[in-house]
Chemist: 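Attaching a single structure in structure tokens format; questions to follow.
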Amino acid sequence: ARARNMTVGITPASELFNTFNISSQFLMGKQFCDTAEKVVERKPCAYDKGSVHFIRKEKVNYIHKSYLQSWKYFEDVEDEVREQFVFMGDVQDKAHELIKSLTKPFASKNLTIIAVHIRRGDYKNERNVKYGYNLATGEYLSRAFKYFRDRYDPIVFIVFTNPNVEDLKWCKYHVNGSDVVFAPENPREVDMCAISMCNHTIMTVGSFGWWGSFLAKGTTIYFSDVAQNNSNLRKDFSFDMSDYFYPGWIGLR
């Protein structure tokens, strides 16, 4: 919108309004969406300059039918984006209480809190595996944990993951130690807010972990082997995946 000198419009039913202090007051309804011209990016995990700097027609509305999963789309307005994604007060209160209760046994003025987001669930289904999705391994998590354990003391890792039995069993087998706690099941906005409140983050795969890490603004370790070589998913990224992963983040595998 900034690049094309246009106004941002968000549908009234958007979950964004119940989660973040979104300042946009321009609301658009279904009729607007049905009549607007569509702009589509070429790849869902790579920056497409053409989908930003398109030729704009006068008095024509546009809807962006894209994932926009690249930091390059908003690098020129990053501060504005962060201002939009400030969580609502009640969400912040719940996230703060969650972190407080989980870190109480580790009470220390110098405690470093690491959020760990582990996504498995849907990444295990046959269609996604065939498309090229890779699951983060236990070996990757061990390296990521070692990175922070070598640098901070005292430290605590708060693990956020799908609460189903199978995923929890896998996580507790591969992620353990006296400095590890597992967050209970919470509304997803509370989980993301809590992740954003931690000092640093470890993410595995998916946009939930990406945005939680981005909003946290600390050191982020990410799983760099997210897509199988020569797969359809790998083709969704730029050649070195640098469009997708935020600058300064540390990739391990």
Side-chain angles (χ1 to χ4, degrees), residues 1-89 91 119 122 127-128 131-133 187-189 192-193 195-196 203 205-217 222 226-227 231-249:
R2 286 284 182 269
R4 299 292 84 201
N5 192 29
M6 300 175 74
T7 302
V8 177
I10 305 175
T11 56
S14 174
E15 193 171 353
L16 290 172
F17 285 114
N18 298 321
T19 306
F20 302 102
N21 285 304
I22 301 294
S23 64
S24 174
Q25 298 298 314
F26 179 73
L27 307 180
M28 56 187 188
K30 186 177 185 299
Q31 183 177 1
F32 176 99
C33 296
D34 290 342
T35 58
E37 290 199 12
K38 294 178 176 59
V39 178
V40 183
E41 63 191 356
R42 290 179 296 176
K43 294 184 177 183
C45 299
Y47 177 67
D48 178 11
K49 184 177 180 179
S51 69
V52 177
H53 299 284
F54 55 89
I55 298 175
R56 176 191 170 189
K57 301 175 185 177
E58 290 296 324
K59 298 182 179 180
V60 173
N61 296 315
Y62 292 87
I63 182 169
H64 224 302
K65 298 287 288 186
S66 304
Y67 287 97
L68 302 177
Q69 292 186 124
S70 171
W71 57 272
K72 291 184 177 180
Y73 283 114
F74 54 86
E75 63 177 324
D76 293 333
V77 290
E78 182 175 320
D79 290 342
E80 287 186 79
V81 170
R82 290 187 183 278
E83 288 174 5
Q84 295 299 310
F85 292 142
V86 173
F87 289 90
M88 299 287 282
V91 177
R119 180 174 175 178
D122 58 322
R127 187 181 70 173
N128 284 338
Y131 193 74
Y133 286 88
R188 55 189 175 182
E189 64 273 15
M192 183 178 283
C193 184
I195 291 172
S196 76
M203 59 174 286
V205 291
S207 56
F208 191 95
W210 194 105
W211 279 99
S213 298
F214 173 79
L215 295 174
K217 299 178 70 172
Y222 68 88
V226 294
S231 66
N232 288 327
L233 178 63
R234 183 62 186 84
K235 296 173 184 176
D236 289 340
F237 291 84
S238 57
F239 77 99
D240 60 357
M241 294 190 172
S242 62
D243 283 11
Y244 181 80
F245 293 110
Y246 190 72
W249 287 3

Chemist: Is the Trp249 to Trp210 ring centre distance short of 6.0 Å?
Modeler: yes

Chemist: Identify the two heavy atoms, one from Asn128 and one from Asp122, that lie closest to each other, and give their separation to 0.1 Å.
Modeler: ND2-O, 2.7 Å

Chemist: Fit a plane to each ring of Phe245 and Tyr222, take the angle between them on a 0 to 90° scale, and name the class: parallel (under 30°), tilted (30 to 60°) or perpendicular (over 60°).
Modeler: parallel

Chemist: Can you tell me how far the OH atom of Tyr131 sits from the NZ atom of Lys235, to the nearest 0.5 Å?
Modeler: 9.0 Å

Chemist: Would you say the ring centroid of Phe54 lies under 6.0 angstrom from that of Tyr62?
Modeler: yes

Chemist: Does Trp211 have its ring centroid less than 6.0 Å away from the ring centroid of Phe74?
Modeler: yes

Chemist: What do the steps show when you test Gln84 against Val8 for side-chain contact (heavy atoms from CB on, under 4.5 Å), and what is the final call?
Modeler: CA-CA 12 Å; Gln84 295 299 310; Val8 177; over 6 Å; no

Chemist: Would you say Arg56 has more than 12 foreign heavy atoms packed within less than 6.0 Å of its CZ?
Modeler: yes

Chemist: For Asp240, does the CG atom have more than 12 heavy-atom neighbours from other residues, nucleotides or ligands under 6.0 Å away?
Modeler: yes

Chemist: Looking at every non-hydrogen atom in both residues, tell me the closest pair between Ile22 and Leu16 and how far apart they are.
Modeler: CG1-O, 3.9 Å

Chemist: What are the two closest heavy atoms between Ala227 and Phe237, and how far apart are they?
Modeler: CB-CE1, 4.4 Å

Chemist: Could you tell me which non-hydrogen atom of Ser207 sits nearest to which non-hydrogen atom of Arg119, and how far apart they are?
Modeler: N-NH1, 4.1 Å

Chemist: I'd like to know if the side chain of Glu41 reaches the main chain of Tyr47, judged simply by a donor and an acceptor atom lying under 3.5 Å from each other, with no hydrogens or angles considered.
Modeler: no

Chemist: Using a 6.0 Å cut-off, check whether atom CZ of Arg82 has over 12 heavy atoms from anything other than its own residue.
Modeler: yes

Chemist: What distance separates Glu37 CD from Asn61 CG, expressed to the nearest 0.5 Å?
Modeler: 9.5 Å

Chemist: Counting only N and O atoms by type, is there a donor-acceptor contact under 3.5 Å from the side chain of His64 to the main-chain atoms of Ser51?
Modeler: yes

Chemist: Using side-chain contact (heavy atoms from CB on, under 4.5 Å), reason through Met88 and Glu189 one step at a time and then give a plain yes or no.
Modeler: CA-CA 10 Å; Met88 299 287 282; Glu189 64 273 15; over 6 Å; no

Chemist: Among Asp236, Asp48, Asp243, exactly one meets salt bridge (charged side-chain N to carboxylate O under 4.0 Å, His left out) together with Arg42. Which residue is that?
Modeler: Asp48

Chemist: Counting neighbours of CZ on Arg2 that are heavy atoms of other residues, nucleotides or ligands and sit closer than 6.0 Å, is the number greater than 12?
Modeler: no

Chemist: Answer whether the closest heavy-atom distance between the side chains of Phe214 and Glu78 falls below 4.5 Å.
Modeler: yes

Chemist: Is the side chain of Arg234 donor-acceptor paired with the backbone N or O of Tyr133 at a distance under 3.5 Å, no angle test?
Modeler: no

Chemist: Counting distance only, does the side-chain N/O of Ser66 pair as donor-acceptor with the main-chain N or O of Leu68 below 3.5 Å?
Modeler: no

Chemist: Specify the closest pair of heavy atoms between Phe87 and Ser196, including all atoms of both residues, with the distance to one decimal.
Modeler: CE1-OG, 3.8 Å

Chemist: Might you point out which heavy atoms bring Ser238 and Ala46 nearest each other, and give the distance in Å?
Modeler: N-CB, 3.6 Å

